[in-house]
Number of protein chains: 2
Amino acid sequence: MRKNAEINATPVCQVRMQAISDAMSLLSGKWKFHILGTLIEGNTLGFMDLLREIDGIGTKMLSKELQDLEMNNLVSRTVMNTKPITVEYSITEYGKTLSSLIDELANWGIEYRKSVYEKGNN
Amino acid sequence: MRKNAEINATPVCQVRMQAISDAMSLLSGKWKFHILGTLIEGNTLGFMDLLREIDGIGTKMLSKELQDLEMNNLVSRTVMNTKPITVEYSITEYGKTLSSLIDELANWGIEYRKSVYEKGNN
DNA sequence: CAGGATCCTTTACGATACTG
DNA sequence: CAGTATCGTAAAGGATCCTG
(Lines give C-alpha, C1' and ligand atoms only; values in the text may rest on other atoms or scores of the structure.)
Protein backbone atom coordinates (compact mmCIF):
# COMPACT_ATOMS: atom_id res chain seq x y z
CA MET A 1 0.00 0.00 0.00
CA ARG A 2 2.93 2.32 0.37
CA LYS A 3 3.48 3.73 -3.06
CA ASN A 4 6.27 6.23 -3.09
CA ALA A 5 8.68 4.55 -0.80
CA GLU A 6 8.78 1.32 -2.73
CA ILE A 7 8.68 2.74 -6.20
CA ASN A 8 11.38 5.23 -5.54
CA ALA A 9 13.82 2.74 -4.10
CA THR A 10 15.11 2.26 -7.60
CA PRO A 11 18.71 2.29 -8.74
CA VAL A 12 18.14 5.82 -10.00
CA CYS A 13 17.78 7.05 -6.46
CA GLN A 14 20.76 5.09 -5.28
CA VAL A 15 22.80 6.66 -8.02
CA ARG A 16 21.66 10.13 -7.05
CA MET A 17 22.42 9.51 -3.42
CA GLN A 18 25.84 8.22 -4.27
CA ALA A 19 26.42 11.22 -6.49
CA ILE A 20 25.51 13.61 -3.72
CA SER A 21 27.91 11.83 -1.41
CA ASP A 22 30.63 11.97 -4.03
CA ALA A 23 30.18 15.66 -4.64
CA MET A 24 30.07 16.42 -0.95
CA SER A 25 33.23 14.49 -0.28
CA LEU A 26 35.05 17.04 -2.44
CA LEU A 27 33.11 20.11 -1.45
CA SER A 28 32.31 19.69 2.21
CA GLY A 29 33.86 21.85 4.84
CA LYS A 30 33.51 25.41 5.88
CA TRP A 31 35.70 27.03 3.24
CA LYS A 32 35.68 25.14 -0.06
CA PHE A 33 32.89 27.10 -1.68
CA HIS A 34 34.36 30.37 -0.52
CA ILE A 35 37.72 29.55 -2.00
CA LEU A 36 36.29 28.29 -5.26
CA GLY A 37 33.94 31.22 -5.56
CA THR A 38 36.72 33.68 -4.93
CA LEU A 39 38.98 32.05 -7.48
CA ILE A 40 36.21 31.93 -10.04
CA GLU A 41 35.73 35.66 -9.68
CA GLY A 42 39.35 36.62 -9.25
CA ASN A 43 40.73 34.14 -11.74
CA THR A 44 44.25 34.18 -10.34
CA LEU A 45 45.13 35.10 -6.81
CA GLY A 46 48.07 34.74 -4.47
CA PHE A 47 47.94 33.01 -1.13
CA MET A 48 47.82 36.32 0.66
CA ASP A 49 45.11 37.64 -1.61
CA LEU A 50 42.97 34.69 -0.70
CA LEU A 51 43.75 35.11 2.95
CA ARG A 52 42.56 38.70 2.75
CA GLU A 53 39.51 38.13 0.67
CA ILE A 54 38.14 35.18 2.55
CA ASP A 55 37.08 36.68 5.78
CA GLY A 56 37.92 34.65 8.84
CA ILE A 57 40.05 31.94 7.31
CA GLY A 58 43.50 31.25 8.70
CA THR A 59 46.68 30.06 7.03
CA LYS A 60 46.30 26.52 8.16
CA MET A 61 42.81 26.04 6.80
CA LEU A 62 43.56 27.93 3.63
CA SER A 63 46.60 25.88 2.74
CA LYS A 64 44.94 22.65 3.70
CA GLU A 65 41.82 23.32 1.69
CA LEU A 66 43.83 24.51 -1.27
CA GLN A 67 45.73 21.24 -1.21
CA ASP A 68 42.51 19.29 -1.17
CA LEU A 69 41.14 21.28 -4.07
CA GLU A 70 44.35 20.92 -6.01
CA MET A 71 44.41 17.17 -5.47
CA ASN A 72 40.98 17.01 -7.00
CA ASN A 73 42.02 19.16 -9.90
CA LEU A 74 39.67 21.98 -9.04
CA VAL A 75 42.38 24.57 -8.56
CA SER A 76 45.90 24.84 -9.88
CA ARG A 77 48.93 26.06 -8.03
CA THR A 78 51.88 27.84 -9.57
CA VAL A 79 55.05 28.74 -7.75
CA MET A 80 56.34 32.04 -9.08
CA ASN A 81 59.95 32.85 -9.58
CA THR A 82 60.20 35.64 -7.02
CA LYS A 83 62.04 36.25 -3.81
CA PRO A 84 60.68 35.40 -1.49
CA ILE A 85 58.65 32.88 -3.40
CA THR A 86 55.07 33.62 -4.31
CA VAL A 87 52.33 31.22 -5.26
CA GLU A 88 49.43 31.88 -7.56
CA TYR A 89 46.23 29.93 -7.42
CA SER A 90 43.70 29.66 -10.20
CA ILE A 91 40.53 27.80 -10.86
CA THR A 92 40.97 24.99 -13.37
CA GLU A 93 38.72 24.30 -16.32
CA TYR A 94 37.29 21.45 -14.35
CA GLY A 95 36.77 23.71 -11.38
CA LYS A 96 34.79 26.03 -13.59
CA THR A 97 32.19 23.32 -14.01
CA LEU A 98 31.17 24.26 -10.49
CA SER A 99 30.44 27.86 -11.41
CA SER A 100 26.74 27.50 -11.87
CA LEU A 101 26.40 25.40 -8.75
CA ILE A 102 28.17 28.02 -6.69
CA ASP A 103 26.12 30.74 -8.30
CA GLU A 104 22.96 28.95 -7.37
CA LEU A 105 24.12 28.44 -3.84
CA ALA A 106 25.01 32.11 -3.48
CA ASN A 107 21.77 33.28 -5.06
CA TRP A 108 19.75 30.99 -2.88
CA GLY A 109 21.56 32.39 0.14
CA ILE A 110 20.76 35.91 -0.96
CA GLU A 111 17.08 35.11 -1.33
CA TYR A 112 17.11 33.35 1.99
CA ARG A 113 18.54 36.38 3.70
CA LYS A 114 15.91 38.57 2.10
CA SER A 115 13.16 36.31 3.33
CA VAL A 116 14.53 36.40 6.83
CA TYR A 117 14.60 40.18 6.86
CA GLU A 118 11.09 40.40 5.48
CA LYS A 119 9.73 38.24 8.23
CA GLY A 120 11.70 40.16 10.82
CA ASN A 121 13.73 37.07 11.54
CA ASN A 122 10.73 35.77 13.47
CA MET B 1 50.04 46.18 -10.18
CA ARG B 2 47.73 43.67 -8.68
CA LYS B 3 44.55 43.98 -10.61
CA ASN B 4 42.02 41.40 -9.68
CA ALA B 5 42.50 41.26 -5.97
CA GLU B 6 41.83 44.91 -5.42
CA ILE B 7 39.06 45.39 -7.91
CA ASN B 8 37.14 42.40 -6.72
CA ALA B 9 37.15 43.33 -3.07
CA THR B 10 33.86 45.09 -3.68
CA PRO B 11 30.70 44.84 -1.63
CA VAL B 12 29.37 42.50 -4.28
CA CYS B 13 31.87 39.88 -3.24
CA GLN B 14 31.17 40.40 0.39
CA VAL B 15 27.51 39.85 -0.27
CA ARG B 16 28.21 36.67 -2.16
CA MET B 17 30.46 35.36 0.57
CA GLN B 18 27.86 36.13 3.17
CA ALA B 19 25.24 34.43 1.05
CA ILE B 20 27.31 31.31 0.75
CA SER B 21 27.78 31.25 4.50
CA ASP B 22 24.07 31.74 5.02
CA ALA B 23 23.13 28.94 2.70
CA MET B 24 25.68 26.62 4.18
CA SER B 25 24.51 27.29 7.70
CA LEU B 26 21.21 25.70 6.72
CA LEU B 27 22.52 23.00 4.42
CA SER B 28 25.79 21.86 5.93
CA GLY B 29 26.21 18.45 7.43
CA LYS B 30 26.38 14.98 6.08
CA TRP B 31 22.69 14.33 5.58
CA LYS B 32 20.74 17.47 4.72
CA PHE B 33 20.97 17.12 0.97
CA HIS B 34 20.13 13.45 1.12
CA ILE B 35 17.04 14.13 3.16
CA LEU B 36 15.91 17.01 1.02
CA GLY B 37 16.59 15.13 -2.18
CA THR B 38 14.67 12.12 -0.98
CA LEU B 39 11.70 14.21 0.06
CA ILE B 40 11.70 16.09 -3.21
CA GLU B 41 11.47 12.80 -5.07
CA GLY B 42 9.19 11.00 -2.67
CA ASN B 43 7.04 13.99 -1.85
CA THR B 44 5.72 12.55 1.40
CA LEU B 45 7.46 9.94 3.45
CA GLY B 46 7.30 8.57 6.95
CA PHE B 47 10.16 8.54 9.39
CA MET B 48 10.80 4.89 8.73
CA ASP B 49 10.66 5.39 4.98
CA LEU B 50 13.38 7.98 5.25
CA LEU B 51 15.40 5.77 7.53
CA ARG B 52 15.26 3.01 4.95
CA GLU B 53 15.89 5.13 1.90
CA ILE B 54 18.79 7.09 3.24
CA ASP B 55 21.49 4.55 3.47
CA GLY B 56 23.58 4.71 6.60
CA ILE B 57 21.66 7.28 8.58
CA GLY B 58 20.53 6.49 12.10
CA THR B 59 17.51 7.59 14.06
CA LYS B 60 19.37 10.20 16.00
CA MET B 61 20.80 12.01 13.00
CA LEU B 62 17.59 11.68 11.03
CA SER B 63 15.39 13.19 13.70
CA LYS B 64 17.90 15.89 14.50
CA GLU B 65 18.36 16.91 10.88
CA LEU B 66 14.64 16.82 10.25
CA GLN B 67 14.15 19.19 13.15
CA ASP B 68 16.73 21.56 11.74
CA LEU B 69 15.10 21.47 8.33
CA GLU B 70 11.67 21.98 9.80
CA MET B 71 12.83 24.95 11.83
CA ASN B 72 14.04 26.53 8.63
CA ASN B 73 10.79 25.78 6.90
CA LEU B 74 12.35 23.46 4.37
CA VAL B 75 10.34 20.43 5.38
CA SER B 76 7.01 20.03 7.10
CA ARG B 77 6.05 17.50 9.70
CA THR B 78 2.61 16.06 10.19
CA VAL B 79 1.61 13.74 12.99
CA MET B 80 -0.92 11.26 11.71
CA ASN B 81 -3.84 10.00 13.68
CA THR B 82 -2.80 6.36 13.89
CA LYS B 83 -1.84 3.93 16.59
CA PRO B 84 0.92 3.89 17.21
CA ILE B 85 1.45 7.39 15.94
CA THR B 86 2.99 7.95 12.56
CA VAL B 87 4.65 11.03 11.19
CA GLU B 88 4.80 12.16 7.61
CA TYR B 89 7.45 14.45 6.28
CA SER B 90 7.17 16.52 3.14
CA ILE B 91 9.18 19.11 1.37
CA THR B 92 7.72 22.59 1.67
CA GLU B 93 7.21 25.00 -1.19
CA TYR B 94 10.19 26.87 0.11
CA GLY B 95 12.19 23.68 0.25
CA LYS B 96 11.39 23.11 -3.39
CA THR B 97 13.38 26.20 -4.25
CA LEU B 98 16.39 24.00 -3.57
CA SER B 99 15.42 21.46 -6.23
CA SER B 100 17.62 22.79 -8.97
CA LEU B 101 20.54 23.25 -6.63
CA ILE B 102 20.29 19.66 -5.47
CA ASP B 103 19.89 18.50 -9.05
CA GLU B 104 23.03 20.31 -10.01
CA LEU B 105 24.92 18.88 -7.10
CA ALA B 106 23.81 15.36 -7.95
CA ASN B 107 24.55 15.78 -11.64
CA TRP B 108 27.94 17.18 -10.91
CA GLY B 109 28.63 14.20 -8.68
CA ILE B 110 27.59 11.84 -11.45
CA GLU B 111 29.93 13.50 -13.92
CA TYR B 112 32.67 13.49 -11.35
CA ARG B 113 32.29 9.79 -10.82
CA LYS B 114 32.41 9.19 -14.54
CA SER B 115 35.61 11.17 -14.85
CA VAL B 116 37.21 9.19 -12.07
CA TYR B 117 36.35 5.91 -13.72
CA GLU B 118 37.61 7.09 -17.07
CA LYS B 119 40.96 7.97 -15.61
CA GLY B 120 41.08 4.69 -13.75
CA ASN B 121 40.96 6.52 -10.47
CA ASN B 122 44.58 7.49 -11.03
C1' DC C 1 55.74 34.87 1.48
C1' DA C 2 53.78 30.41 1.97
C1' DG C 3 53.00 27.10 4.69
C1' DG C 4 54.11 23.26 8.32
C1' DA C 5 54.01 21.78 13.24
C1' DT C 6 51.87 21.75 17.45
C1' DC C 7 48.31 22.01 20.60
C1' DC C 8 43.75 22.63 21.86
C1' DT C 9 38.58 23.19 21.65
C1' DT C 10 34.49 22.21 19.64
C1' DT C 11 31.30 20.16 16.90
C1' DA C 12 29.69 16.28 14.21
C1' DC C 13 28.59 11.92 14.06
C1' DG C 14 27.46 7.13 15.52
C1' DA C 15 25.97 2.94 18.49
C1' DT C 16 23.10 1.43 21.76
C1' DA C 17 19.46 1.37 24.79
C1' DC C 18 15.20 3.18 26.31
C1' DT C 19 10.15 5.40 26.29
C1' DG C 20 5.24 7.15 25.33
C1' DC D 1 6.41 4.03 15.48
C1' DA D 2 9.05 8.02 16.36
C1' DG D 3 11.79 9.54 18.56
C1' DT D 4 15.12 10.91 23.16
C1' DA D 5 19.08 10.03 26.32
C1' DT D 6 23.53 8.74 27.04
C1' DC D 7 27.96 7.88 25.91
C1' DG D 8 31.93 7.72 23.21
C1' DT D 9 34.96 8.67 19.06
C1' DA D 10 36.58 11.12 15.32
C1' DA D 11 36.94 14.85 12.59
C1' DA D 12 36.94 19.75 11.85
C1' DG D 13 38.47 23.92 12.89
C1' DG D 14 41.32 27.60 15.19
C1' DA D 15 45.49 30.03 17.61
C1' DT D 16 50.04 30.48 17.80
C1' DC D 17 54.61 29.90 16.70
C1' DC D 18 58.19 28.46 13.58
C1' DT D 19 60.97 27.99 9.01
C1' DG D 20 63.07 27.92 4.12
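Below, chain A is the first sequence line, B the second, and so on; all start at residue 1.
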Asker: Can you name the nearest heavy-atom pair linking A:R113 to B:D22, along with the distance?
Answerer: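 The pair with the smallest heavy-atom distance is NE-OD2, 2.6 Å.
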
Asker: Which atom names give the shortest non-hydrogen contact between B:S115 and A:Y94, and what distance separates them?
Answerer: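 Distance-wise, the nearest heavy atoms are OG-OH, 3.8 Å.
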
Asker: Can you list, in residue-number order, the parts of residues 72-85 of chain A that come under 4.0 Å of DNA chain C, counting heavy atoms only?
Answerer: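 The answer is A:R77, A:P84, A:I85.
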
Asker: With sequence neighbours excluded, tell me which residues meet side chain to side chain contact (heavy atoms under 4.5 Å, CB included) with B:T59.
Answerer: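 By the side chain to side chain contact (heavy atoms under 4.5 Å, CB included) rule, B:T59 matches B:F47, B:L51.
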
Asker: Can you confirm whether A:L27 sits close enough to A:F33 that some side-chain heavy atom of one is under 4.5 Å from a side-chain heavy atom of the other?
Answerer: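 Yes, side chains in contact.
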
Asker: Considering non-hydrogen atoms only, spot the tightest contact between A:L74 and A:I91 and give its length.
Answerer: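 The pair with the smallest heavy-atom distance is O-CD1, 3.6 Å.
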
Asker: Respond yes when some side-chain nitrogen or oxygen of A:Y89 is under 4.0 Å from OP1 or OP2 of C:dG3, and no when none is.
Answerer: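 Checking C:dG3 against A:Y89, a side-chain N or O does come within under 4.0 Å of OP1 or OP2.
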
Asker: For the pair made of CG in A:D49 and C1' in C:dA2, what is the distance, rounded to whole Å?
Answerer: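 Going from A:D49 (CG) to C:dA2 (C1'), I get 12 Å.
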
Asker: Between A:M61 and B:S63, which is nearer to the 5' end of DNA chain D once each is assigned its nearest nucleotide?
Answerer: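 The residue mapped nearer the 5' terminus is B:S63.
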
Asker: Donor-acceptor pairs under 3.5 angstrom involving side-chain atoms of residues 100-111 of chain B: please list them, not counting sequence neighbours.
Answerer:
| from | atom 1 | to | atom 2 | distance (Å) |
| --- | --- | --- | --- | --- |
| B:S100 | OG | A:E104 | OE1 | 2.8 |
| B:D103 | OD1 | A:R16 | NH1 | 3.1 |
| B:D103 | OD1 | A:R16 | NH2 | 3.2 |
| B:E104 | OE1 | A:S100 | OG | 2.8 |
| B:W108 | NE1 | A:T97 | OG1 | 2.9 |
| B:E111 | OE2 | B:K114 | NZ | 3.3 |

Asker: How do B:K60 and A:T59 order along DNA chain D: which one's closest nucleotide is nearer the 5' end?
Answerer: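 Between the two, 5'-proximity favours B:K60.
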
Asker: Specify the separation, in whole Å, of atom NZ of B:K64 and atom P of D:dT4.
Answerer: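 It works out to 12 Å between those atoms.
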
Asker: Tell me the bend of the helix from C:dC1-D:dG20 to C:dG20-D:dC1 as the angle between end helix axes, each from five pairs, rounded to the nearest 10 degrees.
Answerer: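 Between the first-five-pair axis and the last-five-pair axis there is 50°.
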
Asker: Kindly point out which of D:dG14, C:dA2, D:dC1 is positioned nearest to the side chain of B:M48?
Answerer: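 Closest nucleotide to the B:M48 side chain: D:dC1.
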
Asker: Figure out the CG/C1' separation between B:L45 and D:dC1, and round it to whole Å.
Answerer: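 In whole Å, D:dC1 C1' and B:L45 CG are 15 Å from each other.
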
Asker: Return the value, rounded to whole Å, for the distance between atom CG of A:L69 and atom P of C:dG3.
Answerer: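 Rounding to the nearest Å, CG of A:L69 and P of C:dG3 are 13 Å apart.
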
Asker: Identify whether A:M80 and A:L62 are in the same connected component of the hydrophobic contact network (ILVMFWY, side-chain heavy atoms under 4.5 Å).
Answerer: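 No, A:M80 does not connect to A:L62 through the hydrophobic network.
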
Asker: Once you round it to whole Å, what is the distance between P of D:dA2 and CD1 of B:I57?
Answerer: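 From B:I57 CD1 to D:dA2 P: 14 Å.
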
Asker: Is a side-chain donor-acceptor pair under 3.5 Å present for A:S90 with A:T44?
Answerer: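 Yes - a donor-acceptor pair under 3.5 Å links their side chains.
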
Asker: Looking only at heavy atoms, which two atoms of B:T38 and B:H34 are closest? And how far apart?
Answerer: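 What the structure gives for the nearest pair is OG1-O, 2.7 Å.
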
Asker: Figure out the CG/C1' separation between A:D68 and C:dG3, and round it to whole Å.
Answerer: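 Going from A:D68 (CG) to C:dG3 (C1'), I get 14 Å.
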
Asker: Please confirm whether the shortest side-chain N or O distance from B:Q67 to OP1 or OP2 of D:dT4 is below 4.0 Å.
Answerer: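 Indeed, a polar side-chain atom of B:Q67 lies that close.
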
Asker: Write down the distance between CG (B:L66) and P (D:dC1), rounded to a whole number of angstrom.
Answerer: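 The distance from CG of B:L66 to P of D:dC1 comes to 16 Å, rounded to the nearest Å.
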
Asker: With a 3.5 Å cut-off and sequence neighbours excluded, list the donor-acceptor pairs that the side chains of residues 65-73 of chain B form with protein atoms.
Answerer:
| from | atom 1 | to | atom 2 | distance (Å) |
| --- | --- | --- | --- | --- |
| B:N72 | ND2 | B:D68 | O | 3.3 |

Asker: Can you give me the closest heavy-atom contact between B:S99 and B:I40, atom names plus distance?
Answerer: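 Shortest heavy-atom separation between B:S99 and B:I40 comes out as OG-CD1, 3.6 Å.
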
Asker: Quick check: closest heavy atoms across B:C13 and A:E41, and the distance to 0.1 Å?
Answerer: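 Where B:C13 meets A:E41 most closely, the heavy atoms are SG-OE1, 3.7 Å.
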
Asker: Just the rounded figure in Å: distance from P of C:dC1 to CG of A:L50.
Answerer: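 Distance, rounded to whole Å: 14 Å.
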
Asker: Of the residues in residues 25-37 of chain B, which ones touch DNA chain D at a heavy-atom distance under 4.0 Å?
Answerer: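 None - not one residue of the stretch has a heavy atom sitting under 4.0 Å from the strand.
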
